[in-house]
Engineer: 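First the structure, then my questions, so here it is.
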Amino acid sequence: MASHAAPTAQSPPIPAGLSRDQLLEIYRYLRLTRTLEERLTALYRQSKVVGGLFRSLGQEAESVGSAYALERGSHRDLMSPLTRNLGSMLVMGAAPIQILRQYLARAESPTGGRDLNIHFGDLERGYLGQISHLGDMIPVMAGIALAFKLRREPRVGLVYIGDGGMSAGAFHEGINFAAARRVPLVVVGEYNHWAYSTPPRKQFAVEHLADRVKAYGIPAVSVDGNDVLAVYEATRFAVERARQGKGVHFIEVKTYRRKGHAEHDDQHYVPQHELEWWAKENDPIDRYVQRLLGSGWAEEQELKEIDERVRVEIDAAADACLGEPAPGPESALADVYGDPPAAERLWFRSV
Amino acid sequence: MASHAAPTAQSPPIPAGLSRDQLLEIYRYLRLTRTLEERLTALYRQSKVVGGLFRSLGQEAESVGSAYALERGSHRDLMSPLTRNLGSMLVMGAAPIQILRQYLARAESPTGGRDLNIHFGDLERGYLGQISHLGDMIPVMAGIALAFKLRREPRVGLVYIGDGGMSAGAFHEGINFAAARRVPLVVVGEYNHWAYSTPPRKQFAVEHLADRVKAYGIPAVSVDGNDVLAVYEATRFAVERARQGKGVHFIEVKTYRRKGHAEHDDQHYVPQHELEWWAKENDPIDRYVQRLLGSGWAEEQELKEIDERVRVEIDAAADACLGEPAPGPESALADVYGDPPAAERLWFRSV
Amino acid sequence: MAEVTYLEALRQGLWEEMERDERVFILGEDVGSYGGAFKVTEGFAKQFGEERVIDTPISEAAIVGAAAGAAHMGMRPVAEMQFIDFISCAYDMLTNYVATARYRAGLPTPMVVRGPCGGYVRGGPFHSQNVEAAFFHTPGLKIVYPATARDAKGLVKSAIRDDDPVIYLEHKWLYRRIKERLPEDEEILTPIGAARVAHEGNDLSVVTYGATLWKSLEAAEQLDKDGVSVEVLDLRTLLPLDDAAIMRSVKKTNKLLIVHEDTRTGGLAGEIAARVNEQAFEWLDGPIMRVTAHDVPLPYAPTLEDFVLPQTGDIVKAARWLAAY
Amino acid sequence: MAEVTYLEALRQGLWEEMERDERVFILGEDVGSYGGAFKVTEGFAKQFGEERVIDTPISEAAIVGAAAGAAHMGMRPVAEMQFIDFISCAYDMLTNYVATARYRAGLPTPMVVRGPCGGYVRGGPFHSQNVEAAFFHTPGLKIVYPATARDAKGLVKSAIRDDDPVIYLEHKWLYRRIKERLPEDEEILTPIGAARVAHEGNDLSVVTYGATLWKSLEAAEQLDKDGVSVEVLDLRTLLPLDDAAIMRSVKKTNKLLIVHEDTRTGGLAGEIAARVNEQAFEWLDGPIMRVTAHDVPLPYAPTLEDFVLPQTGDIVKAARWLAAY
Ligand SMILES: Cc1ncc(C[n+]2csc(CCOP(=O)(O)OP(=O)(O)O)c2C)c(N)n1
Ligand SMILES: Cc1ncc(C[n+]2csc(CCOP(=O)(O)OP(=O)(O)O)c2C)c(N)n1
Ligand SMILES: [Mg+2]
Ligand SMILES: [Mg+2]
């Protein structure tokens with residue numbers, strides 16, 4: 001159970017009931033997220049990525065910290081990510097090679113080359129594939145949580161929404177529905193300062209996302225989204241509260257989107273000094289490393305080793321993925337229905 | 001300007017800057033609303049009404065009081081009612097015969113027999129025809145108020161929404177849009193205890209509609225919706241504030257829907273004692289009469305005369321309307337486009 | 001054999017499935033203690049409990065989205081739209097989320113969205129709509145549209161058992177107008193994807209569905225007297241279309257009249273015409289014709305509604321013209 | 001005469017109308033300082049001010065609804081959907097509120113809803129949609145779909161001047177791929193409701209629009225070499241359809257192939273087939289055929305997308321078969 005370097009007697013106690021192994025695991029997920037995205041960026045520049053590339057640089061902690069608060073495993077909690085929640089997917093058990101295959105449109109990708117980037121799910125592992133239309137996953141997750149409640153299963157749903165996405169009608173309908181029925185749902189609102197090029201002040205007239213949910217009669221907290229342990233702790237509380245049947249809980253994570261909306265976006269609308277400040281003073285991984293080392297919960301060498309193992313893992317995954325074939329054209333026609341009706345026939349064959 | 005019976009020296013001052021004539025005018029609108037609806041009910045029972053009949057019994061004060069706070073006349077304020085805001089339409093200048101024609105589907109009805117009940121508008125007089133889909137009028141009125149703002153016209157929009165309708169996505173998108181852009185819009189939320197058969201507690205998890213709009217960064221007040229002068233005063237304040245460029249304002253009016261959702265609905269789901277209490281203790285017209293007489297602002301005889309004039313007016317309108325013809329069948333085909341394309345031709349003529 | 005209305009048959013179908021399979025539950029506006037605007041679920045909340053007959057906020061996108069989420073979890077939700085006109089508020093959810101779930105993510109989404117549709121009842125532009133064309137264009141959805149009491153029951157049961165999302169359109173003009181004797185000891189399951197010959201004939205095929213089935217049958221009887229023998233096909237399932245049944249009839253009669261209550265432009269008749277062209281062109285002895293509503297929002301005044309919607313007389317007229325072609 | 005791309009032509013059209021008429025304003029997500037996801041409105045906020053180029057919240061129903069309200073007040077709003085796929089969120093607002101406003105309430109609603117549509121760009125199921133069929137069924141709306149730079153400019157200008165709501169579909173695969181010399185001293189106004197013969201021919205008519213115009217022209221050239229003379233008609237306006245132009249071509253060539261990028265079932269080809277049947281049946285020397293996308297959500301992997309969408313080779317093949325019929 002214990003790793004090779006135990007904390008010294010002087011170390012402050014580890015918060016939130018976490019073990020040292022868990023702290024290191026969290027670190028590994030943070031690093032895995034960033035390294036995988038860096039590799040994807042390289043592949044994007046080589047024109048190997050099909051479609052856009054969406055980075056979560058600077059937001060890794062809120063993804064990893066929140067998903068880490070869920071109970072993972074078959075038939076446990078269920079999470080629905082946004083495109084920037086690659087870290088949450090990794091925590092729930094998505095393999096880096098699956099994500100690479102998606103971005104590279106390989107036959108063996110989880111969607112078989114049908115839907116883009118991290119739009120894929122695995123109900124067994126506990127995550128649900130999103131669609132692009134912002135807000136729509138809130139009602140769907142409300143329904144998943146409703147099923148948990150109707151069947152009296154001790155399971156919780158968790159769904160993410162952006163500072164922009166909260167303006168969508170489906171968000172309102174979904175969170176209100178969930179709140180009115182007190183289903184076990186946790187909603188994580190990501191205040192990352194931008195919705196594409198639009199700042200929050202054009203999106204809504206309150207200051208915090210937590211203010212935006214006051215309408216629903218649910219508790220709402222704002223946490224430092226770049227403090228992975230704070231995010232973990234707040235989510236853990238919300239998840240357990242929901243599991244106890246106390247209904248919906250909202251967590252706002254304050255963070256910053258340090259890259260453009262997608263790789264093609266040069267972010268000219270972003271004040272340079274803001275970017276610099278968040279990169280230098282508030283990088284979630286740097287902060288976590290300082291905390292781990294400063295508190296004596298980990299040693300530098302351990303982290304270096306994790307970094308190295310992550311690099312090797314990603315290298316191997318990328319190499320493997322690059323050698324894989326594209327999907328066969330006719331595979332496009334299957335699976336529209338469970339029980340294929342005549343409409344799925346190849347019409348042109350008759351010509 | 002002054003009516004024949006002036007208030008005595010002992011009368012308390014008339015609130016909200018209203019004159020005695022205005023007080024009597026408000027009374028007339030309240031009475032007109034109720035009498036017209038009673039006549040419509042009689043016509044409904046005689047199977048003369050086409051479609052359902054929606055009553056505002058017990059809610060007349062909030063309709064009349066809020067609309068009365070608007071500046072009326074050509075190119076002034078603009079209001080969008082719900083089906084129960086017949087009183088607001090009358091205040092804005094809709095004629096009883098127009099409403100009768102609508103309910104009786106006559107050729108000369110404002111929509112020429114196309115859309116039901118009080119679904120009609122008159123931009124000159126300052127009211128906009130609604131559609132059935134709840135919530136949709138909020139974005140539309142946001143756009144109207146946006147136009148006022150862009151053109152720097154000192155005009156205000158006012159729109160109603162029910163305790164049920166506020167759950168619709170379009171409500172959220174519209175009010176948030178309006179709030180973010182600070183357009184001159186007043187939103188009146190009607191807490192009338194029912195959305196068809198659904199009580200508020202199944203609709204949302206907060207207590208007041210005013211709580212439901214905390215999300216939008218706009219002021220929200222709750223007023224006694226059966227006190228016509230309180231509604232007037234609150235709306236007047238909101239309207240003038242909006243006119244001064246201070247943005248959206250929300251007013252919750254607490255009231256009670258004393259009839260079924262529509263005339264066919266026997267309200268079996270409504271506690272009988274509630275209905276009785278609201279009818280006996282909190283009828284908005286009774287209350288207003290007591291206040292007018294008790295404060296010495298009006299004499300009983302004056303009110304009786306108004307009642308009588310209203311009855312005569314409605315009788316005449318109903319008689320006239322009943323003699324009018326139904327719309328000619330082919331009139332159904334016009335006005336789909338301003339500039340009719342070929343698609344409007346009578347296709348079957350070619351057969 | 002008890003005589004039941006179309007509405008009662010639908011009710012029975014829902015009731016039987018609720019009894020048979022505890023995964024089935026109902027959600028919608030006023031479906032609980034009130035029993036739905038048309039009383040389709042009257043008594044359900046009492047029998048099955050408020051957890052299985054859920055009154056929701058006025059939020060069609062949430063109703064449909066939540067149904068989808070529950071369906072992913074193995075439930076069998078039946079979502080009611082109070083009037084089918086309000087399904088437009090869930091258009092995004094249905095076409096983008098629900099319809100694609102299996103294809104893009106392998107997610108089974110066994111759910112039914114049902115609601116009263118159609119005109120002839122003075123409901124006006126927002127309580128009379130025919131929405132099949134809005135969803136017919138979306139691969140991944142199925143659409144059924146019963147015209148008889150038997151199919152009202154048989155199709156709702158099949159829809160609930162189907163592993164894919166099904167839009168079930170029930171015509172409010174038929175609710176209490178159509179009666180039929182249904183066997184009590186037989187489980188009625190109308191297969192999805194199968195049309196039905198409602199009236200045999202040789203001179204002309206009328207392909208139709210919903211309320212206009214009855215107008216077409218009336219027309220067929222009148223035409224019979226003139227010696228014009230009309231075959232009437234009730235599609236029952238609109239998506240996927242039963243091409244085989246359509247072609248069988250067209251190849252027999254060599255003439256096709258398509259009748260639907262929906263407006264003309266972009267209505268289903270277009271697709272049917274195209275398919276017959278592709279699959280049975282050589283058999284056609286005359287142009288494929290359509291009888292449909294006019295291309296306007298549906299007005300409520302009786303004179304206007306009667307004029308805009310297709311009537312028996314319009315079908316007779318068009319059929320006669322085509323028979324004489 | 002300067003050579004401009006399709007995108008630049010659209011930009012110019014918008015710009016000219018903004019300059020000409022101060023009632024015109026733009027609203028949408030990121031249309032202001034960012035200039036829109038595809039930079040169609042780049043520089044507009046600077047030139048015309050933030051009040052006339054409005055960045056909105058992510059609220060398509062509110063964007064469209066607010067445009068309608070402003071239009072009632074005499075403004076001329078142009079609402080951008082960041083990708084046309086998101087217009088589904090405003091489906092209710094467009095079909096129920098906007099489309100019926102004039103008919104039911106005499107309200108003029110001069111507004112344009114525009115956005116990038118279409119595939120061939122590896123956008124996947126939610127950034128490649130063709131939405132014309134979703135709105136084609138709604139009386140009261142107009143739909144235009146330029147395929148050339150000239151029409152990109154001419155149709156956006158006409159749409160803004162039109163007194164009815166117009167959905168303007170711009171194909172993102174054409175944005176920077178199509179270039180054309182446009183006169184600088186002439187006001188380009190493409191009439192709404194008028195198709196255009198893009199390539200004359202005698203053996204067969206191809207009716208198409210949007211990106212597949214270019215695939216059809218390519219096919220026509222290949223077929224020319226085989227001695228098959230193809231007439232290609234670019235519809236340009238989808239609602240109302242230019243029946244006269246379609247019939248003229250069919251009556252000349254006696255054979256019709258309809259090509260569209262949209263999926264097959266419920267796509268516009270069905271309506272066109274039905275109309276030709278009704279109006280030119282006697283002139284047909286072969287079945288009306290369709291080349292369309294397959295009935296699936298559009299996958300993004302290049303192998304899959306290329307397979308699902310209609311390609312030049314598919315058109316050539318179908319045209320050859322039909323020519324030989
Ligand atoms: C309904 C809808 N409208 C528009 C878009 C286009 N779009 C994609 S991402 C985005 C910005 C999202 O901002 P936010 O919700 O803050 O998420 P972030 O990108 O900051 O993670 C927009 C407008 C969409 N996906 N869905
Ligand atoms: C989007 C939408 N869904 C459903 C309906 C059907 N419907 C009409 S009125 C109504 C209840 C409205 O309740 P509320 O908003 O409280 O208004 P009230 O009737 O109390 O005045 C419902 C569900 C509708 N008109 N629009
Ligand atoms: Mg954001
Ligand atoms: Mg209410």
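Reminder, nothing fancy here: chain letters follow the sequence lines and each chain counts from 1.
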Engineer: Taking everything shown except D:Gln47 itself, do over 12 heavy atoms lie less than 6.0 Å from its CD?
Structural biologist: yes
Engineer: Can you tell whether the side chains of D:Asp203 and D:Lys255 come within less than 4.0 Å, N to carboxylate O?
Structural biologist: no
Engineer: For D:Val308, which of D:Leu298, D:Thr303, D:Asp295 qualifies under side-chain contact (heavy atoms from CB on, under 4.5 Å)?
Structural biologist: D:Leu298
Engineer: Does D:Arg52 form a side chain to side chain contact (heavy atoms under 4.5 Å, CB included) with D:Ile26? I'd like the steps, not just the answer.
Structural biologist: CA-CA 6 Å; D:Arg52 289 185 67 199; D:Ile26 291 171; over 6 Å; no
Engineer: Pick from D:Glu261, D:Lys215, D:His294: which one makes a side-chain contact (heavy atoms from CB on, under 4.5 Å) with D:Leu309?
Structural biologist: D:Glu261
Engineer: Examine whether an atom of D:Gln82 lies under 4.5 Å from a heavy atom of chain A, and if so say whether it belongs to the side chain, the backbone or both; otherwise answer neither.
Structural biologist: side chain
Engineer: Less than 4.5 Å to any heavy atom of chain A: does that hold for the side chain of D:Ala62, its backbone, both, or neither?
Structural biologist: neither
Engineer: Between A:Glu324 and A:Arg101, does any side-chain N to carboxylate O distance fall below 4.0 Å?
Structural biologist: yes
Engineer: Who among A:Asp265, A:Leu116, A:Ile131, A:Thr198 has the most heavy-atom pairs with chain D under 4.5 Å?
Structural biologist: A:Leu116
Engineer: May I ask you to name which of A:Lys202, A:Met166, A:His133 has the most heavy-atom pairs under 4.5 Å with chain D?
Structural biologist: A:His133
Engineer: Which atoms of A:Tyr196 come close to chain D, meaning under 4.5 Å heavy atom to heavy atom: side chain ones, backbone ones, both, or neither?
Structural biologist: both
Engineer: Can you tell which part of A:Leu134 gets under 4.5 Å to a heavy atom of chain D, answering side chain, backbone, both or neither?
Structural biologist: side chain
Engineer: Given that the side chain runs from C-beta out, which part of D:Asp306 has a heavy atom under 4.5 Å from chain A: side chain, backbone, both or neither?
Structural biologist: neither
Engineer: Could you have a look at D:Phe126, D:Phe83, D:Phe86, D:Tyr300 and say which one has the most heavy-atom pairs with chain A under 4.5 angstrom?
Structural biologist: D:Tyr300
Engineer: If you tally heavy-atom pairs under 4.5 Å against chain D, which of A:Gln203, A:His264, A:His119, A:His268 wins?
Structural biologist: A:Gln203
Engineer: Using a cut-off of under 4.5 Å on heavy-atom pairs, state which of D:Ala301, D:Ser88, D:Gly32 scores highest against chain A.
Structural biologist: D:Ala301
Engineer: Quick one: does NZ or CZ of A:Lys259 land under 6.0 Å from the six-membered ring centre of A:Phe54, within 45 degrees of the ring axis?
Structural biologist: no
